[in-house]
Amino acid sequence: ARGALIGGNLTLLAADVGVEPAPTVPTILLLEEVNEPPYRIDRLLTQLLRAGWFAAVSGVACGDLGLGDDEVLRDRLEPLGIPVLTGLGVGHGSGNLALPLGADVRLEVAADRADLRLEGARRG
C-alpha cells in the first residue's frame, strides 16, 4: 500500500470526527495510544469506521496500543482488506521513532516480514 502518512493518537483522531475532515487521498494511517483498555480501542476504531474515516486509508501502521494481543485490531480492521502493521516503535513507549507525517510512504506486510518506507518528498 502507498499513500501519505497521517495519523497519531487514536483518541484524538476519534475526537476530531466531524471537525477535521477524513482523508480523501490514499493514506497510510499511523495509530498510537497509551493506557486505554481494549474495549476503548474497539470503540474508538468503531467510531472512525462508522464515520467512513477509513474510505481512503490504504494501510495502517500501529505503534504500541497497550493491547496484550492484536485481536481488537484484527476484528475491526481485517474486513477492510488492507495491510496492517503492528508493533511499530512509535508512541508513548521507550522506543519512539520520529515519523514524517505527510510524507509519501509505502507499507508492505507479508507473513514473514513488514516494512514501512519513505517513498518521496513530503507533501505540503
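What you see is a predicted model, and the numbers here were worked out from it, not measured in a lab.
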### Query
Roughly how far, to the nearest 0.5 Å, is the CG atom of L73 from the CG atom of D75?
9.5 Å
### Task
Find the distance between CG (L44) and CG (L49) and round it off to the nearest 0.5 Å.
11.0 Å
#### Entry: Between CZ on residue R76 and OG1 on residue T46, distance to nearest 0.5 Å
3.5 Å
### Query
Which atom pair, heavy atoms only, marks the closest approach of S58 to P83?
O-CD, 3.3 Å
### Query
Looking only at heavy atoms, what is the nearest atom pair of A51 and V17, with distance?
CB-CG1, 3.6 Å
### Summary
Between Q47 and A14, the two heavy atoms sitting closest are NE2-O, 2.9 Å
### Query
Just how far is it from atom CG of L12 to atom CD of E32, taken to the nearest 0.5 Å?
8.0 Å
### Query
Okay, side chain of T27, backbone of P23: is any donor-acceptor separation there less than 3.5 Å?
no
### Summary
Value for CG (L29) from CG (L48), rounded to nearest 0.5 Å, stands at 7.5 Å
### Query
Is there a side-chain contact between T11 and E36, using heavy atoms and a 4.5 Å cut-off?
yes
### Query
Looking at T86, V84, L45, which one forms a side-chain contact (heavy atoms from CB on, under 4.5 Å) with L31?
L45
### Task
Let me see the working for I82 and L77 under side-chain contact (heavy atoms from CB on, under 4.5 Å), right down to the final yes or no.
CA-CA 8 Å; I82 59 175; L77 301 180; 5.7 Å; no
### Query
Shortest non-hydrogen contact from P100 to L5?
O-CD2, 4.0 Å
### Query
Considering residues at least two apart in sequence or located in another chain, which fulfil the side chain to side chain contact (heavy atoms under 4.5 Å, CB included) criterion with R106?
R2, E108, R117, E119
### Query
Quick one: CD1 on I6 to CD1 on I28, what's the gap to the nearest 0.5 Å?
9.5 Å
### Query
Any side-chain heavy atom of L88 within less than 4.5 Å of one from L116?
yes
